[in-house]
Amino acid sequence: MKLVDLKFQPGIDKQDTAYSAGDQRKYVDSDFVRFHYGKPERWKGWSYLPNPNKAIVGVVRDTHSWIGLDGTRYLALGTDRKLYLFSGSALYDITPIRETAALTNPFTTNGTTTVTVTDADHGAIEGDFVTFDSFSAIDGLDMNNEFEVTTRVDANTYKVTHTSAASGSTSGGGGSGNANYQINIGETASTYGYGWGTDTWSAGKWDEPSTSSDVTVAARSWSLDNFGEDLIATVLNASTYIKDITGSIDARATALSNAPTASRFSLVSTDTRHLMIFGTETTIGTPASQDDLLFRFSDREDATEYTPVATNEAGSLRISDGSRIVGAVKSSGQILVWTDTSLHGIQFVGTPFTFGLRQLGANCGLIAQHAAIEVNGRAYWMSDDAFYMYDGVVKKMPCSVQDYVFDDLSYNNRNEISCGLNTAFNEIIWYYASSTSTQINRAVAYNYLENTWYTLNLPRTTWLGAYVYEQPIATEYITSLTSNASTILGVTAGASYIYEHETGNNQADGTAISAFLTTGSVEIGDGDEMMSISKLVPDFDNLTNNMTATLTLEQYPQSTNTVTTSGTISSTTEKINVRGRGRAVKIKYETNTVNDTAWRLGSTKLQLRPDGRR
């Protein structure tokens, strides 16, 4: 009896049926198994950064790392509720302050932990953050802390929650002090708006909320970049801020002088040091004039000058194809910018025009602000229904998992899609929410050197390649987690862990990584011939713990009359004796052990012999 090497191809194929994929010697499903040098390999683990006691408030929507002039490493993280800076082993809340109000006796207590605050035209919404200072204690409560706004009562009052109950009830107390309001929070996830005018004309009744909507309220997103060693941070459809690194590291970011106050995102032109601000105002300082297809650029080396005059290089351009600018990345010799329908290139051309704009592709728009990436002069991105690349020409990429991804994609939450680069394994990974989820819970990965695809179930809201830090950095949002990286009083649940990936062999909390790999149904018999399998010969590298191999033998593609046989593989296993007969066989490899290593699968060999039809 001979040993047959099945010679499976790298990558996962979910476009074909199991039998069709098996005919081509392909794998059809996996989780936490990548393909490296043509062979399946289990993912490595990840660990907390800096430690599990440093969860941060909100869901992270962008991360950026850079190195200061003195060699210090920095990591910025923008969430739906905060802006953070990580350096050394410490996290700093650098969320900008929108207003500071001087108040006298603003607090009202009622013998509970709830404190009512009176401040005319406070501008706060539920979930906002305010820090009080210089006030006197009231009924035993020290109010000189940071609080989350628990309830917005009206335009002049709101409530916060203390950790202790007041010893009495006082109406108007606390003396004189300051209320420092941070910028309003954003949406955690994109949602449909049901206000006036969100459905078609005459579809509903007067003075009743809409029951359907075509209007999506986008989740809070950030764009983060460094201008020299300073951080530039733009809030989606809001203002642009700067964090001056030369000042105190825990000082908050401040509004960038003279910059537009309503923009979609920004980035820095590294070759010429212009700050590019996209989807911005036609009249700077007037948010109502925001034009989603207009972009401005500052003067060279001056991020605060946007008024074009004969002696500077500031200016603006408008894209004509599409309804809004979605995202942009820096590439070789140009900046690539996408609308919802097209791709354009921005190139520096010198005075008097500064930048030139040309269209590079149509019907190839970008699905989300952070769904594009540039690798070695090529750009890769996710569109509404396919993946694309640009290497001088726009090309739709063949994708062996395309239907699996796009047929089960939450289009309401597509704005949150994020992609990142894992250079150690030549991978681009897109993270997205499935149709049954409002938060990111899946990923699809592409190996750009080997042209292979695979999918996995991994909730990561951002992924930052190993540019400044030794390993990739990713974030996970947990709705039930309360942040412990700060001393905010009354903070509600919804926080993110920061992880360092490709470290160790387990998940950050020490639990095992459950990995599996399933082949297509490989025909082992010709025509009506049946084959008997008596032996599986495993071939692995770096397998230190046990693996389960399950073989399913089938007679026909739609047959329910199958035979399942399995065995355990260890690092010393020479063969597994199995018993079964059929016309086709599929194999599933599984591991779920703490401290399991990143094993690699070699060839798959079966011992076969002809068997009767009965």
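- Closest of all the heavy-atom pairs between F35 and N447 is O-ND2, 3.3 Å.
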>> Walk me through whether D509 and T511 qualify under side-chain hydrogen bond (donor to acceptor under 3.5 Å, both in side chains).
In response: CA-CA 6 Å; D509 62 1; T511 57; 2.7 Å; yes
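- For the 3.5 Å distance criterion, the side chains of S266 and T234 qualify, holding a donor opposite an acceptor.
- Residue pairs that meet the salt bridge (charged side-chain N to carboxylate O under 4.0 Å, His left out) test with at least one member in residues 409-420, sequence neighbours left out, do not exist here.
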>> Test side-chain hydrogen bond (donor to acceptor under 3.5 Å, both in side chains) on D596 and N505; report intermediate values, then the result.
In response: CA-CA 6 Å; D596 197 14; N505 297 306; over 6 Å; no
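- With sequence neighbours excluded, no residue satisfies salt bridge (Lys or Arg N to Asp or Glu O under 4.0 Å) with E374.
- Closest approach of S223 to D62, counting heavy atoms only: CA-OD2, 3.5 Å.
- Exactly one residue among Y448, Y446, Y404 makes a ring pair (Phe, Tyr, Trp, His ring centres under 6.0 Å) with W453. That residue is Y446.
- In the model, Q369 has no side-chain atom that pairs as donor or acceptor with a side-chain atom of N415 under 3.5 Å.
- Residues satisfying the ring pair (Phe, Tyr, Trp, His ring centres under 6.0 Å) criterion with F425, sequence neighbours excluded, are H36.
- Residues forming a side chain to side chain donor-acceptor pair (under 3.5 Å) with D291 (at least two apart in sequence, or on another chain): R318.
- Every residue was checked against the salt bridge (Lys or Arg N to Asp or Glu O under 4.0 Å) condition with R220, not counting sequence neighbours, and none meets it.
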> side-chain contact (heavy atoms from CB on, under 4.5 Å) between H370 and S221: does it pass, once the steps are laid out?
Replying inline: CA-CA 9 Å; H370 298 297; S221 188; 3.4 Å; yes
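- Interatomic distance, OG of S410 versus CG of N441, reported as 9.0 Å (0.5 Å rounding).
- No side-chain heavy atom of Y48 sits under 4.5 Å from any side-chain heavy atom of I498.
- In this structure, F406 has its ring center no closer than 6.0 Å to that of Y432.
- Contact check for Y380 versus W430: side-chain heavy atoms found under the 4.5 Å cut-off.
- In this structure the side chain of Y388 never reaches within 4.5 angstrom of the side chain of L366, judged on heavy atoms.
- For the side chain to side chain donor-acceptor pair (under 3.5 Å) test, residues two or more places apart in sequence or in another chain that qualify with T95 are D93.
- No hydrogens or angles considered: a donor-acceptor pair under 3.5 Å links the side chains of S323 and D340.
- With sequence neighbours left out, the side-chain contact (heavy atoms from CB on, under 4.5 Å) criterion links T519 to F8, Y27, K586, I587.
- For the salt bridge (Lys or Arg N to Asp or Glu O under 4.0 Å) test, residues two or more places apart in sequence or in another chain that qualify with K330 are D225.
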>> Assess the residue pair T339 and R324 against the criterion (side-chain contact (heavy atoms from CB on, under 4.5 Å)); give the C-alpha distance rounded to whole Å, side-chain angles, the decisive distance to 0.1 Å, and a yes or no.
In response: CA-CA 5 Å; T339 69; R324 69 187 185 279; over 6 Å; no
> T564 and L553: side-chain contact (heavy atoms from CB on, under 4.5 Å), yes or no, with the steps?
Replying inline: CA-CA 6 Å; T564 300; L553 291 109; over 6 Å; no
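- Cation-pi check for K82 over F129 is met; the charged atom lies under 6.0 angstrom from the ring centroid and within 45 degrees of its normal.
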> Run the side-chain hydrogen bond (donor to acceptor under 3.5 Å, both in side chains) check on Q402 and D385 step by step: do they pass?
Replying inline: CA-CA 8 Å; Q402 180 168 308; D385 57 3; over 6 Å; no
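- Annotation: side chain of R264 is in contact with side chain of D292 (closest heavy-atom distance under 4.5 Å).
- Taking 4.5 Å as the limit, every side-chain heavy atom of V59 sits out of range of all side-chain heavy atoms of T79.
- For S47, the side-chain contact (heavy atoms from CB on, under 4.5 Å) test picks out E500, T503, with sequence neighbours left out.
- E41 and R600 are joined by a salt bridge, as a carboxylate oxygen and a charged side-chain nitrogen come within less than 4.0 angstrom of each other.
- For the residue pair S521/E554, the side-chain donor-acceptor check at 3.5 Å is satisfied.
- Side-chain contact annotation: T562 with T552, donor-acceptor N/O pair under 3.5 Å absent.
- T17 and S20 share no side-chain donor-acceptor pair at under 3.5 Å.
- Side-chain atoms of N413 and T438 include no donor-acceptor pair closer than 3.5 Å.
- By the salt bridge (Lys or Arg N to Asp or Glu O under 4.0 Å) test, D31 pairs with no residue at all, sequence neighbours left out.
- For the residue pair N545/N595, the side-chain donor-acceptor check at 3.5 Å is not satisfied.
- Taking the ring pair (Phe, Tyr, Trp, His ring centres under 6.0 Å) definition, one finds that F516 meets it with nothing, sequence neighbours left out.
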> So W381 and L336, side-chain contact (heavy atoms from CB on, under 4.5 Å) or not? Walk me through it.
Replying inline: CA-CA 11 Å; W381 69 97; L336 299 175; over 6 Å; no
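- Identified under the salt bridge (charged side-chain N to carboxylate O under 4.0 Å, His left out) test for residues 427-456, with sequence neighbours left out: R34-E427, D408-R442.
- A salt bridge links E590 to K588: one of the charged nitrogens lies within less than 4.0 Å of a carboxylate oxygen.
- Looking at Y467 and L464, their side chains come closer than 4.5 Å, going by heavy atoms from C-beta outward.
- In this structure the side chain of I428 reaches within 4.5 angstrom of the side chain of V375, judged on heavy atoms.
- Side-chain atoms of Q24 and D16, non-hydrogen and from C-beta on, do get closer than 4.5 Å to each other.
- The aromatic rings of W463 and H501 sit tilted relative to each other, their planes meeting at an angle between 30° and 60°.
- For the residue pair Q290 / N237, a side-chain donor-acceptor distance below 3.5 Å is found, with atom types taken as modelled.
- How far OG1 of T604 is from CG of L6: 6.0 Å, rounded to the nearest 0.5 Å.
- For the residue pair R61/S496, the side-chain donor-acceptor check at 3.5 Å is not satisfied.
- Salt bridge annotation for D29-K14: present, with a cationic side-chain nitrogen under 4.0 angstrom from a carboxylate oxygen.
- Judged by distance alone, the side chains of T261 and S239 never bring a donor and an acceptor atom under 3.5 Å apart.
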>> side-chain hydrogen bond (donor to acceptor under 3.5 Å, both in side chains), that's the test. Do T161 and T150 meet it? Break it down for me.
In response: CA-CA 7 Å; T161 303; T150 307; 2.9 Å; yes
